[in-house]
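Have a look at the structure below, then the notes.
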Amino acid sequence: MPTLQNMTSSSIIFLLTGVPGLEAFHTWISIPFCFLYVTALSGNSLILFAIVTQPSLHEPMRYFLSMLSTTDLSLSVSTLVTMLGIFWFNKREISFNACLSQMFFIQLFTVMESSVLLAMAFDRFVAISNRLRYASVLTNLKIAQIGVAIITRGTVTLTPMVTLLKRLSYCRSHVLHHSYCFHPDVMKLSCTDTRINSAMGLTALITTAGVDLIFIVLSYVLIIKIVLCTASPGERKKAFSTCISHIGAVAIFYIPLISLSFVHRFGKRAPPYVHTLIANAYLLIPPVMNPIIYSVKTKQIRKGVLQVLHLSMTKS
């Protein structure tokens, strides 16, 4: 046992897991995953390119949407290699440092997406409550500052949480339960006291996604109050229609995230495939669905994407 506990972090190799019990069908299972990845990458790239190239989309809400698409693209790329590597080549090994790096970026982009959704809720609140001052409140400089604050917040919050994993000894099985490195999953493999790590992880979750969700709900409570008190029926419908896409994005982000957190902490007796399904939904559903939601529900975005597609087809 002492020999195992004295293993250096650089010598540790973790083994990732695909879908437990269905290893023989990984090649077939990879087909829907490939479809989801292609949809996420192409959809978010199209929206991002449309916003950058179409002057009519250069407005605060669209800038926040470009941040959301960038975050979704980064989140998809963070898991693409390990997930498809398992399904196609049965490549399960990942070094400790590579695991920590992947974990950090997955958590960082998750926190960034939560922060962007909060910024978009603030954007809707300003647009509805103080329409005349909207352009003066959300200037390009202010949006850039919000973007920097989002990145800084995620980095400062998550760096201690990931770094603390290096102080642990890993003398148990090195088999992870997901196709990517996830903080609670890695932490459970340690044979030393993980109470500090668990507290740090829970604190990071509550102070980022938890606080963001509270303020998002508060923003919509205020929006509903303002709309019901001041607007005519026609204006109410128009005001609420501008929020539908954002509400959908919030739902598809927070429901899988909260479900995964509860399963890891309270669902120890749940079948392994439940963890796998929720873990993959947590990472793939938001990047896949956000472009669809905003393209269907937002006329300007739909028009911009169609223009990009038309131009690309014309050039080819």
Practice task
Assess the side chains of Asp123 and Tyr134: does a donor N or O sit below 3.5 Å from an acceptor N or O?
Solution key: yes
Exercise for the section: Please determine which of Leu75, Asp72, Val77 meets the side-chain contact (heavy atoms from CB on, under 4.5 Å) test together with Phe109. Expected result: Leu75
Problem - Aromatic plane relationship, Tyr180 with Tyr282 - under 30° parallel, 30 to 60° tilted, over 60° perpendicular - result: tilted
Handout entry: Tyr37 and Thr79 side chains, donor-acceptor separation under 3.5 Å
Key = yes
Handout entry: Test applied, side-chain contact (heavy atoms from CB on, under 4.5 Å); reference residue, Phe253; option that passes from Val116, Ile285, Thr110, Leu213
Key = Thr110
Practice task
Flag the pair Leu100 / Cys181 as yes when at least one side-chain heavy-atom distance between them is below 4.5 Å, and no otherwise.
Solution key: no
Handout entry: Beyond-backbone contact of Ile223 with Tyr220, side-chain heavy atoms, under 4.5 angstrom
Key = yes
Practice task
Would you indicate whether the side-chain heavy atoms of Ser179 and Asn280 approach each other to under 4.5 Å?
Solution key: yes
Practice task
Could you check if a side-chain atom of Leu117 sits within less than 4.5 angstrom of a side-chain atom of Tyr254, using non-hydrogen atoms only?
Solution key: yes
Completion exercise
Heavy-atom closest pair (Asp185 atom, His178 atom, distance to 0.1 Å) is OD2-N, 3.5 Å
Exercise for the section: Would you please say whether a donor-acceptor pair under 3.5 Å links the side chains of Ser78 and Gln102? Expected result: no
Handout entry: Under-4.0 Å salt bridge between Arg153 and Asp212
Key = yes
Practice task
Classify the ring geometry between His174 and Phe14 as parallel (under 30°), tilted (30 to 60°) or perpendicular (over 60°).
Solution key: perpendicular
Problem - Side-chain heavy-atom pair Leu165, His183 within 4.5 angstrom cut-off - result: yes
Handout entry: Student check: side-chain heavy atoms of Leu57 and Tyr63 closer than 4.5 Å
Key = no
Exercise for the section: Drop me the distance from Ser66's OG to Arg62's CZ, to the nearest 0.5 angstrom. Expected result: 11.0 Å
Handout entry: Within-4.5 Å side-chain heavy-atom neighbours: Met103 and Leu158
Key = no
Practice task
Report yes if some heavy atom in the side chain of Tyr170 is under 4.5 Å from a heavy atom in the side chain of Phe96; otherwise report no.
Solution key: yes
